[in-house]
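The next block holds one structure in the form of C-alpha cells; read it before the comments.
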Amino acid sequence: QVQLVESGGGLVQAGDSLRLSCAASGRTFSSCPVGWFRQAPGKEREFVAAISRSGGSTYYADSVKDRLTISRDNAKNMVYLQMNSLKPEDTAVYYCAARTVRLSSRSSYDYDYWGQGTQVTVSS
C-alpha cells in the first residue's frame, strides 16, 4: 500500500507560481513511478506530468511542458510539481498518483494509488 497526500494548492493570479507537494508513505516509494493529474469542473481527469522511479526521466502534457516541472526526492518520499506562469485554464483539482510497475505512464488507468487532491485556482 502507498498513501499519498497532496498539498500546496491555493488561489493565485495569472502569471504566479505554485509548488505542489505529494508526500508518500507505505511501501518502498522509490520503486513507484509517479504522475500528476488534474480535473477541472465538468471535465475528465487529464495527465499533467510523470516521473520515473529514479527521477531520471520526466514526461509532460504538451499544454504544460514549458511551464511545469516535476521532481522527486526519494530520500524524503516526496514528489513535487513546480508550476510557473499559471493560467486560468490551469484551474483544477490536482492529484498525485503512484503505480506499482516500473514504467511511467500517461494514463490514469495505469495508476494504483491516488491522493485526495489539492485545489488550484488561477484568477485572471
Side-chain angles (χ1 to χ4, degrees):
Q1 288 286 337
V2 176
Q3 293 77 43
L4 303 170
V5 179
E6 302 95 335
S7 62
L11 173 62
V12 297
Q13 294 185 336
D16 286 351
S17 297
L18 277 176
R19 189 176 82 155
L20 305 184
S21 298
C22 175
S25 60
R27 61 171 286 166
T28 305
F29 181 64
S30 60
S31 68
C32 299
V34 173
W36 283 96
F37 294 81
R38 67 186 182 186
Q39 189 166 18
K43 296 186 177 181
E44 294 186 354
R45 190 169 297 186
E46 66 173 353
F47 170 77
V48 175
I51 190 165
S52 62
R53 296 177 298 170
S54 68
S57 297
T58 56
Y59 312 88
Y60 297 95
D62 288 342
S63 60
V64 305
K65 64 182 179 181
D66 296 328
R67 301 183 294 115
L68 273 59
T69 303
I70 188 172
S71 61
R72 67 189 298 164
D73 184 340
N74 285 337
K76 296 182 178 179
N77 280 1
M78 296 291 295
V79 174
Y80 305 99
L81 186 67
Q82 178 66 42
M83 308 169 67
N84 298 327
S85 302
L86 283 162
K87 304 176 181 180
E89 51 263 44
D90 293 318
T91 295
V93 177
Y94 284 72
Y95 298 91
C96 171
R99 62 184 313 219
T100 55
V101 296
R102 65 182 181 91
L103 296 178
S104 301
S105 173
R106 296 171 179 258
S107 172
S108 62
Y109 296 102
D110 290 337
Y111 287 82
D112 305 291
Y113 303 104
W114 291 83
Q116 83 290 348
T118 185
Q119 176 71 48
V120 173
T121 303
V122 185
S123 64
S124 57

inquiry  = I'd like to know if the side chain of E6 and the backbone of Q116 have a donor-acceptor N/O pair within less than 3.5 Å.
reply    = yes
message = Does the Lys NZ or Arg CZ of R38 fall within the cation-pi geometry relative to Y95 - under 6.0 Å from the ring centre and within 45° of the axis?
response = no
note = d(R99 CZ, W114 CH2) to nearest 0.5 Å is 11.0 Å
ask   = Do any N or O atoms from the side chain of S17 and from the backbone of N84 form a donor-acceptor pair under 3.5 angstrom?
value = no
query = How long is the gap from OG on S71 to CD1 on I51, to the nearest 0.5 Å?
reply = 6.0 Å
task = Sorted by first residue and then second, give each salt bridge (Lys or Arg N to Asp or Glu O under 4.0 Å) pair with at least one member in residues 106-124; sequence neighbours left out.
result = none
ask   = What distance separates R67 CZ from S85 OG, expressed to the nearest 0.5 Å?
value = 7.0 Å
query = Do the numbers put R72 on top of the ring of F29, so that NZ or CZ is under 6.0 Å from the six-membered ring centre and no more than 45° off the axis?
reply = yes
remark   = Between the CG atom in N74 and the OG atom in S54, the distance rounded to the nearest 0.5 Å is 8.0 Å
task = Kindly compute the distance separating OH (Y94) from CG (L20), expressed to the nearest 0.5 Å.
result = 7.5 Å
ask   = Between Y111 and C96, is there a donor-acceptor pair closer than 3.5 Å when you use the side chain of the first and the backbone of the second?
value = no
query = Between the side chains of Y80 and R19, is a donor N or O closer than 3.5 angstrom to an acceptor N or O?
reply = no
ask   = Between F37 and F47, does the ring centre distance come in under 6.0 Å?
value = yes
message = Between E89 and T91, is there a side-chain donor-acceptor contact under 3.5 Å, judged purely by atom types and distance?
response = no
OG on S63 to CD on E46, rounded to 0.5 Å = 5.5 Å
task = Check whether any side-chain N or O of S123 sits under 3.5 Å from a backbone N or O of V12 as a donor-acceptor pair, and report yes or no.
result = yes
query = Hey, is the main chain of I70 close enough, under 3.5 Å, to the side chain of Y60 for a donor-acceptor pair?
reply = yes
